[in-house]
Amino acid sequence: MSERQVPSVRLLASVALVLATFAANAQDYPAKPVRIIAPFPAGSGPDADAREIAAELTKVFGQSFFVENRPGASNIIGTEAAAKAPADGYSLYIGTTSSLSVVPHLYARLPFNAEKDFAPISLMGVLNTGLIANPGLPAKDAGALVAELKAKPESVTVATAGIGSYSHLSGVWFNNAAGVKTNLVPYNSNSPYTDLIAGQVQLMFDGLPAAAGNIRAGKLKLLAITGKTRHPSFPDVPTFAESGLPDYAPIAWQGLLAPAGTPQPIIDKLGAAMKKACESKELGEKWRQYGGELRCNTPAEFTAFINADRAMWGAVIKQANVKLD
């Protein structure tokens with residue numbers, strides 16, 4: 001064997017050893033508890049969803065999966081922690097529309113790269129966005145509301161969870177898609193639902209978990225919902241497409257990711273486990289009850305989903321000229 005061949009042989013041996021180690025690690029994975037970093041507060045709706053998925057993964061693997069809440073700064077604190085966590089499969093992350101699709105367009109500088117610092121595993125589910133109204137609002141559907149706003153611009157006040165929030169940007173998107181003007185009022189601390197129920201504001205664009213109970217109780221009404229078809233939990237509510245707004249399609253989503261560099265065999269094993277978790281009829285019914293859909297996909301499909309969603313929100317934010325730094 002020549003001296004030139006020795007480095008090549010050693011390199012190949014090293015690569016083979018690394019691959020064998022990865023394969024062994026994946027085969028034994030998980031050998032200890034797995035933390036799932038959640039960038040939102042304990043007790044919130046997304047936190048409950050994360051804990052339910054963690055419980056399902058615990059059942060699949062027979063090993064503990066637990067949620068570690070790292071809220072704050074528009075999801076930036078938790079997202080940074082996840083991006084910088086060890087890429088060994090024992091630190092995972094719950095990504096959301098806000099953290100990976102919206103926030104990257106709102107801030108010029110972030111301590112993470114939403115596109116490069118994560119390895120998508122699987123979508124968890126999506127929440128359709130509803131046009132939620134005080135029952136005293138005369139409009140019975142989105143089409144009637146648009147007609148009213150074109151006749152009387154800014155005659156309706158819309159509550160939002162703050163500048164740059166999902167509800168705010170969904171309202172901006174609606175105004176642009178419908179060619180109307182509304183008064184968008186930011187609520188930075190207190191819940192806007194109290195004022196919405198009281199009639200201090202007339203509308204809100206939001207995912208339905210926080211409003212579903214009050215909608216069913218008649219304290220709020222639902223004028224329209226996103227989605228290609230009507231939602232089974234609200235079969236009498238038309239979609240925005242049926243209401244003449246086919247291009248209005250914001251959805252809130254949650255999904256499981258790992259730090260970039262996590263071995264692919266572990267990603268694949270987690271993806272298969274997520275698929276099995278999404279077969280839970282009980283969990284699927286919970287998502288349906290509050291206007292969502294439990295939905296899992298492959299790592300490649302989830303990657304494409306995030307990229308398309310990020311581009312879609314980027315166009316909305318650019319048109320609205322919203323920046324938070």
Side-chain angles (χ1 to χ4, degrees), residues 44-45 74 97-98 102 105-106 127-227 231 234 236-245 247-252 290-291 313 315-324:
S44 63
S74 300
T97 312
S98 175
V102 172
H105 297 292
L106 294 176
L127 297 170
N128 291 333
T129 297
L131 176 51
I132 305 160
N134 178 276
L137 187 75
K140 295 182 178 181
D141 55 41
L145 176 67
V146 170
E148 178 182 331
L149 285 168
K150 286 187 174 180
K152 298 179 180 179
E154 299 185 281
S155 59
V156 173
T157 301
V158 179
T160 78
I163 302 298
S165 66
Y166 180 85
S167 56
H168 170 246
L169 294 173
S170 294
V172 169
W173 188 347
F174 175 82
N175 287 350
N176 291 337
V180 298
K181 289 184 178 181
T182 60
N183 289 315
L184 297 171
V185 179
Y187 283 70
N188 293 319
S189 56
N190 297 327
S191 170
Y193 280 103
T194 301
D195 282 359
L196 183 59
I197 292 171
Q200 300 300 315
V201 290
Q202 288 78 50
L203 288 172
M204 186 170 181
F205 295 89
D206 202 6
L208 295 180
N214 283 317
I215 291 170
R216 293 191 178 97
K219 295 180 180 180
L220 295 171
K221 65 180 180 180
L222 189 59
L223 303 185
I225 191 170
T226 55
H231 195 277
F234 302 96
D236 297 329
V237 178
T239 65
F240 282 97
E242 289 179 278
S243 304
L245 297 170
D247 297 326
Y248 183 74
I251 57 169
Y290 52 63
W313 283 107
V316 171
I317 293 167
K318 183 178 181 180
Q319 185 176 13
N321 193 30
V322 179
K323 286 288 182 183
L324 297 184

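In what follows, residues are counted from 1 in the order of the sequence shown.
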Can you see which heavy atom on [X] is nearest to which on [Y], and at what distance?
{"X": "D141", "Y": "A144", "answer": "OD1-N, 2.8 Å"}
{"X": "T160", "Y": "P186", "answer": "OG1-CA, 3.3 Å"}
{"X": "S155", "Y": "L149", "answer": "OG-CD2, 3.8 Å"}
{"X": "L208", "Y": "G291", "answer": "CD1-CA, 4.1 Å"}

Salt bridge (Lys or Arg N to Asp or Glu O under 4.0 Å) partners of E148, counting only residues at least two apart: none

Would you mind writing out the side-chain donor-acceptor pairs for residues 173-182 within the sub-3.5 Å range, not counting sequence neighbours?
from, atom 1, to, atom 2, distance (Å)
N175, OD1, T182, OG1, 3.1
N175, ND2, T182, OG1, 3.1
N176, ND2, V172, O, 3.4

Reported [atom1]-to-[atom2] distance for the pair [X] and [Y], which is rounded to 0.5 angstrom:
{"X": "L222", "Y": "I132", "atom1": "CG", "atom2": "CD1", "result": "6.5 Å"}
{"X": "N183", "Y": "Q202", "atom1": "CG", "atom2": "CD", "result": "9.0 Å"}
{"X": "R216", "Y": "F234", "atom1": "CZ", "atom2": "CZ", "result": "4.0 Å"}
{"X": "I225", "Y": "E242", "atom1": "CD1", "atom2": "CD", "result": "11.0 Å"}
{"X": "L131", "Y": "M204", "atom1": "CG", "atom2": "CE", "result": "11.5 Å"}
{"X": "E154", "Y": "L184", "atom1": "CD", "atom2": "CG", "result": "9.5 Å"}

Can you tell me if [X] uses its side chain to pair, donor with acceptor, with the backbone of [Y] under 3.5 Å?
{"X": "Y166", "Y": "A252", "answer": "yes"}
{"X": "T226", "Y": "T129", "answer": "yes"}
{"X": "N134", "Y": "I197", "answer": "yes"}

Results of side chain to side chain donor-acceptor pair (under 3.5 Å) for [X] - residues two or more places apart only:
{"X": "N128", "value": "none"}
{"X": "S243", "value": "none"}
{"X": "Y248", "value": "none"}

Got a sec, which residues hit side chain to side chain contact (heavy atoms under 4.5 Å, CB included) with V102, two or more places apart in sequence or on another chain? T97, L106, L169, W313, I317

Step by step, would you call V237 with I215 a side chain to side chain contact (heavy atoms under 4.5 Å, CB included)? CA-CA 11 Å; V237 178; I215 291 170; over 6 Å; no

Within a radius of less than 6.0 Å around NZ of K323, do more than 12 heavy atoms belonging to other residues, nucleotides or ligands occur? yes

